[in-house]
Structure formats: C-alpha cells, structure tokens
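Below: the structure, in structure tokens.
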Amino acid sequence: MLDPAMIDALFPVDLPEPAHLEERYPPRQLPEGAQVTRFGPSPTGYVHIGNIYVAMIDQNVAHQTGGTYLVRIEDTDQARVVEGAVEQLQRAFEFFGTRADEDDNDGAYGPYHQSQREAIYLSYARQLLREGKAYLCFATEAELTDIRKRQEAAKLPTGYYGKWAIWRDADPALVQAKLDGGTPYVVRFRSPDAPKPRAEFTDMIRGRLSAEDNRNDAVILKSSVNPLRLPTYHFAHAVDDHLMRVTLVIRGDEWISSVPLHLQLFDALGFTPPTYAHIAPLMKQIPGGKRKLSKRKDPEAGVEFYVKAGYPTEAILYFLRGLANGQLAELPLPEALEAPIQLEDCGVAGPLVDLVKLEDISADYIATLSAEQVLTALHPWVADHDPDLLPVLENENAKALAALAVEREGVDNPRKDLRKWSDFREAYGFFFVQLFTPVTADDDRLAGLKLDPDVVRAFANDFAAKYQELDDPQEWFNQIRTLAAEHRFAPNPKEFKKNPEAYPNGSIREASQIVRVALTGSTRSPDLFAVARVLGAD
RNA sequence: GGCCCCGUCGUCUAGAGGCCUAGGACGUCGCCCUCUCAAGGCGGUAACGCCGGUUCGAAUCCGGUCGGGGCUACCA
C-alpha cells in the first residue's frame, strides 16, 4: 500500500472529505416506494430517439411513484463534447415533454454536469487510494495494446487483471519514482482479491441475472495529463447515483455486462447499490434480420427526423410507449398516454422502430382533431420548417380552417390524409391561390386520363362558363353530370363498361377528374363539392 | 475467442402444461362502397428458429444447437 502522505500529495489540499459530501447531499425525504430516476445523456450534438425513449420511461416511473426524475449531463469525455449540445437536448426534452424535475436550473443535488464535479470524484478516488482499494497505474497506451495482443494470441480474456495488472502490486518506491519523473498515470480500481465466482443481481425487467464476477482493474480516474481529472462512466455512475440519491437506474442493456463491476464499486465505496432496469435497444429492420438503430446509417435514429417531418408529439409518445409496454399499444391514445409504464412489462427483446406503424398512429391521431386543433398544432411546425407557408396560413386563417374542416368535422369517418405536418402542403396547398400552379389542358396532371387536350379544354371552358354556386351537394354535382353528358361522357362507370364505343371520352370519372385537377391541381382531393365551397368563385 | 442477454405471423404482441386446429393490432392481398384520393365495411394471408428430452399432453419445463444483439476502451 502507498504511503498516505504520498497519496494526499496527489490531490488539492482543500478537497472535501467523503463524510462532508455525505452531509452536503443527504438522503431525500420521499414517500415510501418513491423512485428517484436519472437520465444521463452525453452532449455529443446528437439526440437519438432511444434517448427520448429511455428518458420518457425514467420520467414516467419517477412520477408514478411520487419520486423525482433528474437529468445529469455526462460530459466526462471532453473530446466528444459539442458546443450547444446541452441546449439541443433541452429542446428535445421540451418537444417530447420529458423535462427534468431536477437539473442545473433547479436542484439541490448538483452540479448536474459531471465536468463540474471534479472535486467530488477526486475526494472518493483519494479515499479508495487511502484504503488500498485503488492504485496508480503508469502503463502507457502502447503497453496496454501489447498486453491485449498477447492475451488475444493466447486466447485469454482481455483486460487488466492477474499477472497482466503490472501496477497492481507495484513497489511504492517505483511508483514514487514515476511520480517524481512526472509520468502521467490513471487511477485503477483494485478489484477484490477473492471475487465471488458469480455476481448475481435482480433486474427489474429481466429478473434474476448472473455473470462471472468482475476481475478487471477498471480505470476509474482518467489520465493525469488532462487539465480536468474526470472519472470514467463506471466511477461516475457509482459516485453520482449515490450522492444524488438515485434509487433506480434505468439504462440501455449494453450496460448489463458492467453490473458486476458496478456492484464492486458500490461495495468498495460503502454505498448501497441502486436497483437496475436494463432497457432493450430500439432496433431497425434490415434484410434478413434486425439491428440496433444506428446514428450513422439510419435517419430515423435521430430525434431531428421526427421533428422535421412533423409527427405530432402525442403520436410519437404513444408509439414509444407501445414499444415499451405492448399492452399500451392496445389502448386508445388518450388512455395510453395517461397509463403508467410498468418496468415489469417492458420487453426484453428490442423492438423494431416501424415507421409505417407510426404513420398509422399519427394519421389516426390527427383525424381525431378538429380543424382548429390541427391548425394550432400545425402552426409551430410551419413556423420552424416551412417559412413560405407561414404567411399564407396566417393571412388566410379562415380559409385554412374551412379547408381542414372538409370531411373532418361532422362526419363519421374523418379524412386521414395528414400523417404528419409536412403532409399539409401537398394535401391542402391547393386551397390557397398563392400556392397554386394553374393547370393547362395538356397538363401532366391530366395525362393519366389519356384524353384529347381539345376535349379537356372544351369541357373545362364550358364548365367554367356555366358554373353556378349551388348549396345542395347533389344539385351541385348534377352540373357535372349534365355537362358530362353533353360532352359525351358516360353517366357512370358501369354504363361505360357496357358500351365503351358509345363514349369515346370515358365516363363521369374522367369528367370529374378534369374538374378536380382544374380546381385543385391535384389528382387527389377531398370531396369536390366541399372543395368548391371553400374555394368559392375565385 | 471469452462472458452476458434475447428468440411466437413481415412488425408490436396475447399466451405463465390441456381453454391454441395459437388470439388481437399494424402491414399486405382480395372484394364492396365510390366522381379521384383518403377513409370505411367484409374476407383472406401469415408465426411458436431447429433437434432432443420430461409428461397422458409443451409455444409454455429441461438440455443442446442455430440465429440475433451486447460487452470485452483513459466512449458513454
């Protein structure tokens, strides 16, 4: 063991003692059964939809138990920290309603940026060193690589353990010499001399789990060459979650294999470990199987994708909740959003992010909204993502409302033509003259009808000349029927099928389509009468 | 390589030894309605990864195998 004076000389003299920190961050006064959860994003400038997925579960579990949900910025890897990333995360949380109860803006257990907690980590690292539960390691990167290569060649488990752990029991004089020479070092955890054969623990989602116990001397404090002496994830997890009095750690299942190490760390530090719940990752369908949603390969892995497309928050949340708890997907949306997420009911497999399903949910959801509600929800999206559309929407508010109301309000089965806000322009753009491109007789949009442009022109002109604004839908449509008959269109498709030669121009379908395209510039639209009513005579 | 986790229709799942010739939802296909599109109605399609074992009886229990995922970093 190293000399206490030598250890203390490595640290600032004014470092607080662990006992002081224990006092400074006392146990929380919370009702029985209340869970304190936390979400720990790294500010790398990219928000993964899986981040929101886990944050949502964290928040929900905390709130349903009367506990607290906190967000801690895990920026111990300073090289990966990106300017503005925290604000970006904040915006995402805002968008998805996963605002933290506790963070740097408001909370008694901070700071909530790991980079601002250096003194805390150092205090506990010093403590472990004093107790001989940690040691200094001067191994260079090259030496470490060499060790790993030799282990691989010998088909041994890789790692810093046993005879490979060259600094674990190094001569204190040698350590001092390295120190005197200014050689950089890391602090490693001294894993138990006699580890249990198996580490066992209970996961809230998977039940009883076990693995070989950890025998690696993991790094807990990164290199002393760094201006900031920051910890690795493992050490920060133990220290922060203890001091922030977190009771339930919900995280991705890639952490399962680190639990034995974490348990040893909690034990060495004299902390009570939290309960763990390991969430299966969101997956992506690929030919022949599935894999984890990848930031690099899959646009839908990023939160930006959903925001840009303009999926309503409610729809995304409902979708994510359904992935977390299958039963919630069977519930109607309003109930599902209110229902608690049960960790026991979380799947263990890793659900696929199925955009088709999301679109279906989204279309169903938007169909339950009134025209006014649609417009209210649409507005902020347009402001952020379609600046040209914004003035149109604002200047023609009444028309927008009337357009959205077509086949939406007062009907049994509302239209489901909006799956996301970015669909609006295509589905409703023609209601606004500013967005309309005039149609000509030989227009591409009419090409599908395979009609002579002269016939089209004649019919359209005639229609325009004789057009009357009638109140009754049937009478209104009769205008087209009458005109169609004059222009030798069959009165209905059946008639046309029976006797195609008699109707060279086709049937009422084709005639209607001419009117539709002329009116809307689109081959698809809501009911023609309703459209004409909103459009008026212009 | 070592160690973990996982495996029911294309997808999300129901299923906790007989209620299962495996149910629902989304998708998909067909039909109906119809002036287009969307919606809606009706119907069809489609799964217990594989092999052994336990049992009168297995999707459900056990073993193996295959497949997928993860960890094996001074990244989280």
Side-chain angles (χ1 to χ4, degrees), chain A residues 40-42 44 74-77 79-80 114 137 139 141 144 148 151-160 184-188 203 206 209-212 214 216 218-226 230-234 236-237 251-260 278 280-281 283 285 288-292 319 322-323 325-330 347-354 356-361 363-364 367 407 411-418 427 448-449 477 480-481 484 489 492-493 507-517 520 522-529:
Chain A
S42 295
T44 59
E74 311 224 324
D75 54 355
T76 54
D77 187 356
R80 291 205 304 162
Q114 290 181 329
C137 170
E141 220 179 298
L144 259 15
R148 182 165 37 80
Q151 289 169 330
E152 279 168 3
K155 293 198 192 302
L156 288 166
T158 53
Y160 201 84
Y185 63 90
V186 299
V187 177
R188 283 187 185 270
D203 182 281
R206 289 153 208 268
L209 256 28
S210 77
E212 285 178 351
N214 171 64
N216 240 318
V219 172
I220 56 175
L221 221 54
K222 299 183 188 190
S223 173
S224 57
V225 295
N226 300 320
L230 291 175
T232 56
Y233 171 88
H234 307 105
H237 156 51
R251 67 204 335 185
D253 69 2
E254 68 271 21
W255 292 110
I256 290 180
S257 39
S258 307
V259 172
H278 294 276
M283 309 291 277
Q285 175 99 79
K290 51 183 185 175
R291 62 161 158 72
K292 222 170 148 179
F319 176 61
L323 292 183
N325 278 186
Q327 314 86 284
L328 297 184
E330 315 275 312
V348 285
L352 220 59
V353 172
D354 181 355
V356 174
K357 179 98 176 183
L358 205 214
E359 298 230 318
D360 180 76
I361 288 170
D364 276 346
E407 287 181 276
V411 295
D412 289 339
N413 300 306
R415 288 188 74 74
K416 295 188 180 173
D417 49 4
L418 292 177
L449 296 178
F477 196 76
I480 297 180
R481 286 192 196 282
F489 289 92
N492 58 59
S507 73
I508 189 79
R509 303 169 80 119
E510 282 70 26
S512 302
Q513 198 64 346
I514 294 172
V515 176
R516 179 180 315 282
V517 174
T520 70
S522 168
T523 52
R524 297 172 312 198
S525 83
D527 177 71
L528 273 180
F529 167 70

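Quick note on labels: first sequence line is chain A, next is B, and so on, each numbered from 1. Just so it is clear, the model here is predicted, and its values are computed rather than measured.
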Handout entry: Annotated protein contacts, base or backbone, on nucleotides 23-29 of chain B with a non-hydrogen cut-off under 4.0 Å, one of B, S, - each
Key = -BSSS--
Problem - A:T232 (side chain) donor-acceptor with A:V219 (main chain) under 3.5 angstrom - result: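 It does hold such a pair.
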Exercise for the section: May I have the distance from A:D253 (atom CG) to B:C5 (atom C1'), rounded to whole angstrom? Expected result: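 A:D253 atom CG is separated from B:C5 atom C1' by 7 Å.
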Exercise for the section: Could you check how far CD of A:E212 sits from P of B:C5, rounded to whole Å? Expected result: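 The answer, rounded to whole Å, is 11 Å.
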Exercise for the section: Answer with yes or no whether A:R206 presents, from its side chain, a donor or acceptor under 3.5 Å of a partner atom in the base of B:C5. Expected result: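 When only heavy-atom distances are counted, A:R206 does not reach the base of B:C5 through any donor-acceptor pair under 3.5 Å.
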Exercise for the section: Establish whether the base of B:C37 is bridged to the side chain of A:R415 by a donor-acceptor pair shorter than 3.5 Å. Expected result: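 Looking at the base of B:C37, it does pair with a donor or acceptor on the side chain of A:R415 (distance under 3.5 Å).
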Problem - Of the listed nucleotides B:C71, B:G1, B:C4, the one nearest the side chain of A:A211 - result: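 Comparing B:C71, B:G1, B:C4 against the side chain of A:A211, the answer is B:C4.
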Exercise for the section: Report the nucleotide, chosen from B:G70, B:G40, B:C35, that has the shortest atom-to-atom distance to any side-chain atom of A:R516. Expected result: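 Between B:G70, B:G40, B:C35, the one nearest the side chain of A:R516 would be B:C35.
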Practice task
Identify whether the distance between the nearest side-chain nitrogen and carboxylate oxygen of A:D354 and A:K357 falls below 4.0 Å.
Solution key: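 No, no charged N to carboxylate O under 4.0 Å.
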Practice task
Tell me the partner of B:A59, counting only Watson-Crick (N1-N3 plus N6-O4 or O6-N4) or G-U wobble (N1-O2 and O6-N3) with both under 3.5 Å; none if nothing fits.
Solution key: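 Paired with no nucleotide.
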Exercise for the section: Determine the minimum heavy-atom distance between A:A211 and A:P260, stating which atoms define it. Expected result: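 Distance-wise, the nearest heavy atoms are CB-CG, 4.3 Å.
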Table of protein N/O atoms under 3.5 Å from nucleotides 73-76 of chain B N/O atoms:
from  : atom 1 : to     : atom 2 : distance (Å)
B:C74 : O2     : A:S223 : N      : 2.6
B:C75 : OP2    : A:K222 : NZ     : 2.5
B:C75 : O2'    : A:D77  : OD2    : 3.3
B:C75 : O2'    : A:R80  : NE     : 3.3
B:C75 : O2'    : A:R80  : NH2    : 2.8
B:A76 : OP1    : A:T76  : OG1    : 2.5
B:A76 : OP1    : A:K222 : NZ     : 2.5
B:A76 : OP2    : A:Y233 : N      : 3.4
B:A76 : O3'    : A:E74  : OE1    : 2.7
B:A76 : O2'    : A:S42  : OG     : 3.2

Exercise for the section: Take the angle between the ring planes of A:H234 and A:W255 and call it parallel below 30°, perpendicular above 60°, tilted in between. Expected result: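 Geometry flag for A:W255 against A:H234: perpendicular rings.
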